[in-house]
Amino acid sequence: MSIHPDPERLAALVTGGAPDQGLAAHLASCAECTAELDGLRELSGRLAGLEPVDWLEPPATVRAAVLAAAHGETVRPRPRRWLLVAAAAAVGVVVGVLGGRVLWPAAVQPAPEVVLATTRLDTLDTGVQEGTATLVQTAGGVELRVVTSPFSAGSGYLEVWLINTDGKRMVSVGVLSNGTSGTFPVARGLIDAGYLIVDISREGLDDKPQHSGDSVVRGKLSL
Amino acid sequence: MEPDEEAEARRVIAESLHSGSQEALAEAYRRWSRLIYTIAVRALESAADAEDVTQQVFLAAWTGRHTLRPSADALPGWLVGIARHRIADAIAQRYRGRRTLAAVADQPDPAVAEAADRLMLAHEVAALPEPRRTVLTLAYLHDCTHDEIARRLDMPVGTVKSHLARGLLQLRRRLEGGE
């Protein structure tokens, strides 16, 4: 069998060329090229059946909703404390019934907390410490606690991020709603995956869920 | 074969989306939201329902990104596949209560599938680089002869033929993963 011809020569046959002797001879003996030619013919037939299309643009609200929801998925929901209380209460009631007296949830002792890491939060331009971030293991999971000097968010809000040490990936962990302190549950897996740089940014009330680029303070947790 | 920058760009978008990049989701939306929305509007004949479907498709693409095979030709076919199922769901919703139709929910209608395939192909033609896009559009959608195209675009007939052959090959490569 001869060497396969350039696929462009096969395509040219379909779009209006005539085969030269060499190509015709090759096709007569090569099932692979014949199949490719058939595929191109079939595609050309489908193209010939097309009609011009007026493409419709979905409203901008659809894009905003998609990106906001995708962004929200990376924000860990706050722990449902009432569920923990309810679970503790249920245990208490069972124990209480078995023990012959009622135990209230308040009798459940909280597990001790362990500080996993802490960092100064410094301004990016002047390197002045303006806050602290602490990563704490609690009974309910890992929490990031942030305390800062009171920053102005301008007309927007302050958002807390964890940036990966690879410098390429980041996730939002929540909004610093009172402007000076907040506690944010974070997945342990994020920490293990290298999301160790705590960053607080000013964000506008706009349709751009990604980081504004306007960082106020930053610091790296060392485990 | 000539290098295909578009294929490379699509591979990067697919890989980034697969590994959780929101920017990749935004880029996929920029490139294919009109395709998905147009398919949905035609199938559902309702802008509001088509908006819902479009939103669902890209959100499903985000939440299901781990199931995307990150290759150069995977994304549009994958998105259109999700859209066909969502459209089937939306149609089934309209007939909720009729058991027979509810039973076939999530089974894409072959007519919807065929229309979606045609739109996907037309969308790929529209995504070709110029002047190839215009050459193929004139030849296939407006039935112009090679000589007519050469005159209108002020290019040699040989160049027209070359664009047609290369464009056809490009489309075949692009659609192989979407079938």
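Residue numbers begin at 1 in each chain, while the letters A, B, ... track the order of the sequences. As a basis for the values below, the full set of heavy atoms in this structure was taken, side chains included, without hydrogen atoms, waters or symmetry mates.
Neither the backbone nor the side chain of B:Ile36 comes within contact range of chain A; no heavy atoms are under 4.5 Å apart. For chain A, the nearby parts of B:His123 are the backbone and the side chain; heavy atoms of each come within less than 4.5 Å. Only the side chain of B:Glu23 comes within contact range of chain A, with heavy atoms under 4.5 Å apart. Only the side chain of B:Arg42 comes within contact range of chain A, with at least one heavy atom under 4.5 Å from a heavy atom of that chain. No part of B:Val57 comes within reach of chain A, as not one of its non-hydrogen atoms sits under 4.5 angstrom from that chain.
Nearest heavy-atom pair across B:Leu121 and A:Arg46 is CD2-CB, 3.7 Å. Minimum heavy-atom separation, B:Leu169 to A:Ala11: CG-CB, 3.8 Å. Looking at every heavy atom in both residues, B:Ser162 comes nearest to A:Glu8 through OG-OE2, 4.3 Å.
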Practice item. Determine, stepwise, if the pair B:Gln22 / A:His71 fulfils side-chain contact (heavy atoms from CB on, under 4.5 Å). Key: CA-CA 7 Å; B:Gln22 291 179 29; A:His71 186 61; 3.2 Å; yes

All N/O donor-acceptor pairs, side-chain side in residues 145-157 of chain B, below 3.5 Å, sequence neighbours left out:
{"unit_1": "B:Thr145", "atom_1": "OG1", "unit_2": "B:Glu148", "atom_2": "N", "d": "3.1"}
{"unit_1": "B:His146", "atom_1": "NE2", "unit_2": "A:Thr15", "atom_2": "O", "d": "3.3"}
{"unit_1": "B:Glu148", "atom_1": "OE1", "unit_2": "B:Thr145", "atom_2": "N", "d": "2.9"}

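Residue A:Glu51 qualifies as open at atom CD: its count of foreign heavy atoms under 6.0 Å is 12 or below.
Each of A:Ala12, A:Gly39, A:Pro209 has some count of heavy-atom pairs under 4.5 Å with chain B, and the biggest count is that of A:Gly39. Between chain B and the residues A:Ala48, A:Gly49, A:Ser44, the largest count of heavy-atom pairs under 4.5 Å involves A:Ser44. When each of B:Ala61, B:Ala40, B:Ala122 is scored by its heavy-atom pairs under 4.5 Å with chain A, the top score falls to B:Ala122. Comparing B:Val41, B:Leu119, B:Thr54, B:Leu25 by heavy-atom pairs within less than 4.5 Å of chain A, the highest count is held by B:Leu119.
Atom-to-atom distance recorded for B:Ser16:OG and A:Arg169:CZ is 11.5 Å, nearest 0.5 angstrom. Note that CG of A:Leu43 is 11.0 Å distant from CZ of B:Arg173, once rounded to the nearest 0.5 Å. Note that the CG atom of A:Leu40 and the CG atom of B:Leu168 stand 5.0 Å from one another [nearest 0.5 Å].
The pair B:Arg172-A:Glu36 meets the salt-bridge criterion, since a charged nitrogen lies less than 4.0 angstrom from a carboxylate oxygen.
The interface of residues 52-63 of chain A with chain B, defined by heavy-atom distances below 4.5 Å, comprises A:Pro52, A:Val53, A:Asp54, A:Trp55, A:Leu56, A:Glu57, A:Pro58, A:Pro59, A:Val62, A:Arg63.
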